[in-house]
Amino acid sequence: MTFIWILLGLAGLLLVIHMAHTRYEPRKLSAARFFKDLPEAIQSKRQWTPGNPLRSRPLYLQLLLIGLIVAALLFTFVDGWNGRERPSDQGIGVWVFLDTSASMSTQQNGLSRMDIAYLIVAAGYLQATEAGKGLDVCFRWATFDLALNKMPDQAALMAATPRPLGTDTHLVQNAVNSLQETNTLQSECPITHVLVVTDSPAPTWLTEVTHVPIIWQDVSMPVDNWGFQDIRATRDPLTGLTSDVTIEIAIYGIMPDNMTLTILAPTGEEMSPEWEQSEGVVRRARFTPTQPGEYQLTITPGGAYGYDDTAIILVQEVDKLRVDWQLPDTTLPQLLDWDISPGIPSLRVVTEGTDWQDDVPTLVVGNGYEHLANIPILIDYFVEGSPLLTDVNLDAVETLGLPGSQLPSGFSLVLQGKNAGVWLAQRSNPPAAYIPGLPQLRDDNLGRFSTLVFLNGVRWLSQSQPPVPLYELTSPAAPEVTPGHLPFHPGEGNTSQPPRMQGAVADIQPATTIGRVNPIWHYFLTVAVLLFAIERGLAAFGGDKWH
Amino acid sequence: MPDDIKPSSLPLSCRELDQYRFLAQRQSRSSLVGGHTSRRKGQSLEFREFTPYQIGDDIRYIDWRASTRYKGQSDWLVRRFVAEEQFKLVISMDVRPTMMLPDVLTKWQMGLWLVEAISWIALKAENEVVLHHLFGYANKPRILQGKRDLRRLSTSLDQFQADSRSAVDLNLEVIWKHLPPTAVWILITDLYFDEGVAQKLAERIVSAQSGFRWVILLELDSWPHERMLLSPGPVRIVGPNGSENNRVEIDRGGKRLDTIQENIEKHRSDFLRSSQLDEKYDVSKFSWKAEKYFDPAKFFRDRFREQLRDEQVWRDLFRKDL
């Protein structure tokens, strides 16, 4: 609406311009020579004389032009002015949603699910046009997987193929719900029916939709399938290396006995997986990467759903555990083959009292074990099951005479002696652990305790970091399957679900549509453009009167 | 010459023109006052009227039969005749750009119609008519002789127009030999020439008059119509060839236009005074209607009939048969 005020302001400016521009109407006279004899005072010598804008012919055209533009805007933005209403009538408007997720490529009885879907879409189109003969019939077309894509026409829809993406039926739900607002007089195609063609079963939210009938056609039927469900790596907490890769294979239906898993190393060498004991519909296998690079995993024979039969994963470069070692003695990290060069650390080791601001898991090391008491100090408090106390003999700890320290700010007690000294503490967010000192390389209780709590701390802090991903899921922004970019979306390989539908194509029958509005703003704009051309033409060729 | 100015057919019929007789009763400044007849060798006499006998009248012209019916103071009536003298009529037409306006009826068109009408009447009376462009050295006069040239009057006028070149220099030398004493010299103009030209032309007119030539000024006055074209407000006055370009503010009371009118009339009266033309006997003024639009042919017809009926100069030049 601001535009309208701006245009009206322009119209006012136009008037001022025409007033400021004194128009001297030309008159050809034979007695012209007698006018120069007029005394100077009579002849108009003023530099500016407010002209009468109403005498300007171009002004009328220009005002009319602005008026038409204002009218076009008013007829667009003002409710109730949007055009000529056509009364509601019998008609059919079908919004077709076609599932293009990866599972639509599943083969069943020699056809893919998408092939069956095309037939249903065609049947729906035919049903609508036949039933709506003589009436207004219109269609909207859209595909959906993890994104909703509008299609311009049926041909474009029928040219759509399954994409290596998952399924999000909420997209259809949101679109159907939006019809309550968008299915109005301004709609070019008022919707009377929604036709969803998918291999997902009819969801329960369908029963909540009352403003438009939804025909949910589930083209799936149970078929046997087996394939990759998840592939993840395990990192050695002390070295940071990928220690091994776990492969999960989901089985839907019956898997043949001759199913094999082939693993090819980056060198092309075939590696043997270690199978774990079967657990229901999931089988697990494991292998240990020997070097970084692409590992190709293949299931042979494949199941009815092909996207879960092969996978190329990326085992990252073998990075040593990168540690921000802030202690003066670097013997221990060298022994552990940690990378303590500058860079983004996975672990930080600092002395007690050091400040840090980031979220890097941090091991706070106390003053050490030099000032031990000569007498045992009993434990006053401990957290049972704390990962820092894994395998720690508490009785042996009491004999050490640990002096302890103060509880670092933000930390929680894990182990404290009766001398009120804090022996172990930890913090969850961001993860940090406190230990009294570095491992003492001696074969006694102190040596074992110091080493154990150090390793427990490092292990706990390392596990707080997610394992190195071996692949990413495909997305609408990057749907292609490439090494390290896999379509293992949950549920796509599950081909065992029985179909569940709602309604039938034959339900597409004439219904009472809402009235429509034929917009008229474009008529105003067309006339305005013609008027502009006429005005410019007259200004160029129409003589002085049109300047 | 603008292409759209063509001699259109005269808005007077031949029958109407035939009603006029060429008299050319000269009002010479230097000698006679009033009309006179003269008998020249080889001429015929045409009866004009009866008058009571006065001492000195030629008794050969006493009409005894009419006298017996006459009951006036005098016993006898004398026949009076009009000499059918072969006059030379020179018509000089102004061809300056100002004559090509106004658009509703150009002064040029009006002048052409006058030329054709006057020429027709004069030629029918076996007079000689010389068509002359008042301005422009390249323009030569065109001579027409008597009835035999009536048929080619229209063609001659076309040629007269075609030969015209819009000019501002007086073209008087070439016409002087066509102006013998007793010739009638008709000037058709709007008088919108500058003072220098006016002075020269006035001198020539005076010179012509002193040689027993009758100089008649047919003045074409389009100012009443052009004034109607100027409505109050700012206007840009443009001359015929765009030479003048003055921006003026026309007031609602019309005082500025009154000033212009006064200037025009002063210019006119100065010229008449310089040229010693008598407004009553030597000048006929055709003024345009004070309307924006009118029928040109009807306007010419009405004006021609009015002027020839009401103005002395026309009555002296022509006589209309009853």
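In what follows, chains are A, B, ... by sequence order, proteins preceding strands, each numbered from 1. This one's a predicted model, so the numbers in the text were calculated from it and none came from an experiment.
Looking at Asp251(B), neither its backbone nor its side chain comes within 4.5 Å of chain A, counting heavy atoms on both sides. Interface residue Lys107(B): only side-chain heavy atoms are found under 4.5 Å from chain A. In this structure, no portion of His225(B) lies under 4.5 Å from any heavy atom of chain A. Heavy-atom distances place no part of Pro102(B) under 4.5 Å from chain A, backbone and side chain included.
Within a 6.0 Å sphere centred on OH of Tyr125(A), other residues, nucleotides and ligands contribute 12 heavy atoms or fewer. Within a 6.0 Å sphere centred on CZ of Phe294(B), heavy atoms belonging to other residues, nucleotides or ligands number more than 12.
Within the 3.5 Å criterion, the main-chain N or O of Val238(B) finds no donor-acceptor partner in the side chain of Lys28(A). With hydrogens and angles disregarded, a donor-acceptor distance shorter than 3.5 Å links the side chain of Arg27(A) to the backbone of Leu229(B).
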### Message
Using side-chain contact (heavy atoms from CB on, under 4.5 Å), reason through Thr259(B) and Phe35(A) one step at a time and then give a plain yes or no.
### Response
CA-CA 9 Å; Thr259(B) 304; Phe35(A) 282 80; over 6 Å; no

### Task
I would like to know whether Ser30(A) and Glu226(B) meet side-chain contact (heavy atoms from CB on, under 4.5 Å); could you show each step before the answer?
CA-CA 8 Å; Ser30(A) 61; Glu226(B) 290 189 333; 2.8 Å; yes

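Nearest heavy-atom pair, Arg33(A) versus Tyr192(B), reported as atom, atom and distance to 0.1 Å: CD-O, 3.4 Å.
Expressed to the nearest 0.5 Å, how far CG of Leu29(A) lies from OG1 of Thr98(B) amounts to 11.5 Å. Atom CD1 in Ile260(B) sits 9.0 Å away from atom CZ in Phe34(A) (nearest 0.5 Å).
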